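The structure under discussion appears below in the form of structure tokens.
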Amino acid sequence: MKVRASIDGISLAPGPMFTAAGGFDHFIRLNFGHPLSPVVRSSLKRIGALARERVV
């Protein structure tokens, strides 16, 4: 998913980067430090579509 997102210009941070104890292998961290804009909204929809492809 990370590679396909990066092709679309979307950067993802894997969950394990944000814990000292390990874990969060099936998580990503979403940064909400930027205002919601059409670009951010579109990127979130794309991440959701990529995640659905992985689940189905």
Side-chain angles (χ1 to χ4, degrees):
M1 184 166 108
K2 184 177 178 182
V3 171
R4 292 189 56 200
S6 68
I7 291 170
D8 293 333
I10 301 168
S11 299
L12 297 177
M17 286 179 57
F18 300 97
T19 177
F24 298 116
D25 293 333
H26 295 90
F27 294 84
I28 59 172
R29 181 174 185 209
L30 300 175
N31 179 352
F32 286 94
H34 299 283
L36 186 59
S37 68
V39 171
V40 171
R41 186 181 304 271
S42 174
S43 297
L44 288 170
K45 286 180 180 180
R46 180 64 178 140
I47 291 168
L50 291 171
R52 279 190 301 278
E53 288 178 17
R54 298 280 310 225
V55 172
V56 175

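Just so it is clear, the model here is predicted, and its values are computed rather than measured.
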Q.
Taking atom CZ as the centre, does Phe24 end up with more than 12 heavy-atom neighbours from other residues, nucleotides or ligands that are less than 6.0 angstrom away?
A. no
(Q) When you measure from the side chain of Ser42 to the backbone of Pro38, do you find a donor-acceptor pair of N or O atoms at a distance under 3.5 Å? (A) no
Q | Common cluster, Ile47/Val39, ILVMFWY with side-chain heavy-atom separation under 4.5 Å | A | no
(Q) Quick check: is Leu12 connected to Phe27 through a chain of hydrophobic side chains (ILVMFWY, heavy atoms under 4.5 Å apart)? (A) no
Q. Considering only heavy atoms from C-beta outward, does the side chain of Ile10 approach that of Leu50 to under 4.5 Å?
A. no
